[in-house]
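For reference, the structure is listed below as structure tokens.
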Amino acid sequence: MLVDLHSHTTFSDGRSSHSEMVEAAIQRGIAVYGISDHLCFHDNPWTTKPHLFEDMRSTMAALKTGTSSAKILFGMEVDYVPGCESRVALLKADNGWDYIIGSVHYLGDWNIDSNAPDWEGKDVDATYSRYLDLLEEMVDTGLYNIVGHLDLPKKYGHYSSIDLTEKYLSIGQKIKAKNMAYEINTNGRIKPCNDFYPHRTIVELYHQLGVDVTLGSDAHHRDNVGQFFDEAAAMLRAVGYTRICYFEKGEKRYLPL
Ligand SMILES: [Zn+2]
Ligand SMILES: [Zn+2]
């Protein structure tokens with residue numbers, strides 16, 4: 001019984017329609033499928049444009065009331081940038097999302113995960129430190145349900161030389177205290193880091209803390225829906241997880257793993 005809560009369609013930077021993504025999810029036996037297009041606070045080509053919001057709401061409403069064998073959820077992957085809190089709260093109230101994946105893609109004006117050469121000359125340790133501070137701030141807001149791709153700065157193969165265990169521990173405690181979850185984002189397996197986000201050592205740490213986990217393929221095309229899920233589920237079971245969670249109308253629910 002698998003859950004895939006992270007996917008993108010042509011409403012943001014995905015290349016398949018809502019119905020194509022849902023069809024792929026059903027074919028792959030996904031029991032709970034969520035679509036979570038991008039919402040950014042920077043002007044970029046991959047954010048969902050405001051004029052599409054109404055269409056997105058009606059498209060999702062039609063899918064949710066359809067006769068699909070999977071439970072369909074309306075999520076959104078919303079960026080965190082300092083000062084965005086009131087806008088997130090307003091958008092959350094207006095759109096009736098089942099859940100929000102909170103992601104840090106920007107450090108100031110630098111979009112850390114779109115262009116590998118942008119990392120040239122960057123202080124990797126300082127980047128991790130800044131990124132994780134923002135991630136922690138995001139959790140503190142209490143506006144988000146799921147922490148997206150938790151160790152994203154590793155995408156292009158850059159790793160901190162400093163032991164970040166204490167920082168990950170602190171973030172994990174806060175995720176739990178806010179009744180949130182983190183995702184195993186399997187899309188990292190097709191990126192230069194060739195690993196799930198977050199790395200297994202963090203998954204082990206969070207299992208010990210009792211932090212809830214969910215799954216997301218971060219698919220931008222129907223072919224990637226549920227990618228590497230057998231491997232991810234096996235890893236979660238090996239670590240000791242016996243259930244995965246999802247959010248429906250903001251309420252956390254569980255499925256056995
Ligand atoms: Zn993302
Ligand atoms: Zn995404």
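Order of listing sets the numbers, starting from 1, for every ligand and every atom in it.
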Kindly state each residue pair satisfying salt bridge (Lys or Arg N to Asp or Glu O under 4.0 Å) with at least one member in residues 36-47, sequence neighbours excluded. none
Modelled atom types, side-chain donor and acceptor of D212 and Y254, under 3.5 Å: yes
For the residue pair Y99 / S36, report whether a side-chain donor-acceptor contact shorter than 3.5 Å exists. no
I'd like to verify the contacts: list protein N, O or S atoms under a distance of 2.8 Å from the Zn ion (ligand 2). H6 NE2, H8 NE2, E77 OE1, D218 OD1
Check side chain to side chain donor-acceptor pair (under 3.5 Å) between N145 and all other residues, then give those that pass, not counting sequence neighbours. none
Is it true that D13 and H220 share a donor-acceptor pair across their side chains at a distance under 3.5 Å? yes
Please identify each residue that fulfils ring pair (Phe, Tyr, Trp, His ring centres under 6.0 Å) with H6, with sequence neighbours left out. H8
Please name the atom of H105, limited to N, O or S, that comes nearest to the Zn ion (ligand 1). NE2
